[in-house]
2 protein chains.
Amino acid sequence: MAEDNSIFIGNRPFMNYVTGVVMQFTTKGAEEVIVKARGKFIARAVDVSEVAAKRFLEGSVGVKDIKIDSEEFENKEGKQVRVSTIEITLEKNK
Amino acid sequence: MAEDNSIFIGNRPFMNYVTGVVMQFTTKGAEEVIVKARGKFIARAVDVSEVAAKRFLEGSVGVKDIKIDSEEFENKEGKQVRVSTIEITLEKNK
């Protein structure tokens, strides 16, 4: 799948992300959209997916797959830090 | 599955939950443990699952299934509120 079907959740206003997901399906005709987030934004990624799929695209889009994982990186103090990630794949119902 | 294999993530210290998951598998011999959370605790449920499965039970436990959903309830002002939920099913590797 093309990378532009991914939406990465961060600090911007909540409805920006919901609209982004909805428009991928409606205006751009995407079959799948992947909602991605790391750390504290994981709860928000679930909210965005639920609101997009259940309120705005009810009956036409569902959750196909959810993956969780960990990323390790070095912080400013040179210490290894672990952060959780999530990828929620939404799919147009057949 | 028996209800006591579920661990509900909240405000208690992070390692309490990790230890709870690990002990379900090791001491109590559970085949599956379900890590559940609502709202802002969803990110924490992912952290608990990742740390338990990858750091403490590496190679012996994996993610079997992840479900997300929404719950509606009435808040103190009588307004309908939506909250996201997650259920992460961890499973002993066969």
Side-chain angles (χ1 to χ4, degrees), chain A residues 7-11 13-15 17-19 21-22 32-73 75 79-91 93, chain B residues 7-11 13-15 17-19 21-22 32-73 75 79-91 93:
Chain A
I7 291 182
F8 203 85
I9 305 301
N11 257 328
F14 182 74
M15 283 308 295
Y17 297 111
V18 175
T19 308
V21 171
V22 172
E32 281 186 15
V33 174
I34 308 184
V35 179
K36 299 182 180 183
R38 305 197 324 163
K40 67 175 178 175
F41 293 113
I42 287 175
R44 210 159 194 231
V46 174
D47 286 338
V48 167
S49 302
E50 282 289 308
V51 170
K54 298 216 170 126
R55 194 175 303 164
F56 288 91
L57 300 163
E58 199 186 346
S60 69
V61 165
V63 174
K64 180 189 181 188
D65 189 39
I66 305 171
K67 288 197 182 76
I68 61 172
D69 204 350
S70 298
E71 282 177 16
E72 301 254 355
F73 64 96
N75 70 5
K79 204 180 153 200
Q80 282 298 116
V81 177
R82 195 203 59 78
V83 66
S84 299
T85 64
I86 196 166
E87 292 190 11
I88 302 167
T89 304
L90 301 173
E91 171 185 53
N93 291 332
Chain B
I7 291 181
F8 203 85
I9 305 302
N11 256 328
F14 182 75
M15 284 308 295
Y17 298 110
V18 175
T19 308
V21 172
V22 172
E32 280 187 14
V33 174
I34 308 185
V35 179
K36 299 181 179 184
R38 305 197 324 162
K40 67 176 177 173
F41 294 112
I42 287 176
R44 211 162 193 228
V46 174
D47 286 339
V48 167
S49 301
E50 282 289 307
V51 169
K54 297 217 170 126
R55 195 176 300 164
F56 288 91
L57 299 163
E58 198 187 345
S60 69
V61 165
V63 175
K64 180 190 181 186
D65 189 40
I66 305 171
K67 287 196 182 77
I68 61 173
D69 204 352
S70 298
E71 282 177 16
E72 300 255 355
F73 63 95
N75 70 6
K79 202 180 155 201
Q80 282 297 116
V81 178
R82 195 204 59 79
V83 65
S84 299
T85 64
I86 196 166
E87 292 189 13
I88 302 166
T89 305
L90 302 173
E91 171 185 53
N93 292 333

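- Of the two parts of B:R44, neither the backbone nor the side chain holds a non-hydrogen atom closer than 4.5 Å to a non-hydrogen atom of chain A.
- Interface summary for chain A: among B:V51, B:I42, B:D69, B:I88, the most heavy-atom pairs under 4.5 angstrom belong to B:D69.
- With a threshold of 4.5 angstrom between heavy atoms, B:V63 approaches chain A through side-chain atoms but not through N, CA, C or O.
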For B:K54 and A:R82: C-alpha separation, side-chain torsions, deciding distance, then whether side-chain contact (heavy atoms from CB on, under 4.5 Å) applies.
CA-CA 11 Å; B:K54 297 217 170 126; A:R82 195 203 59 78; over 6 Å; no
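- Around CD of A:E58, the count of heavy atoms belonging to other residues, nucleotides or ligands within 6.0 Å does not exceed 12.
- With a 4.5 angstrom heavy-atom cutoff, A:R38 does not touch chain B via any of its atoms.
- For the options A:V46, A:I66, A:D65, heavy-atom pairs under 4.5 Å to chain B are most numerous at A:I66.
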Working note: B:E50 + A:T85, criterion side-chain contact (heavy atoms from CB on, under 4.5 Å); need CA distance, chi angles, decisive distance, verdict.
CA-CA 9 Å; B:E50 282 289 307; A:T85 64; over 6 Å; no
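- Separating the CD1 atom in B:I86 from the CD1 atom in A:I86 is a distance of 4.5 Å, to the nearest 0.5 Å.
- Considering only heavy-atom pairs separated by less than 4.5 Å from chain A, the leading option among B:G39, B:A43, B:A53 is B:A43.
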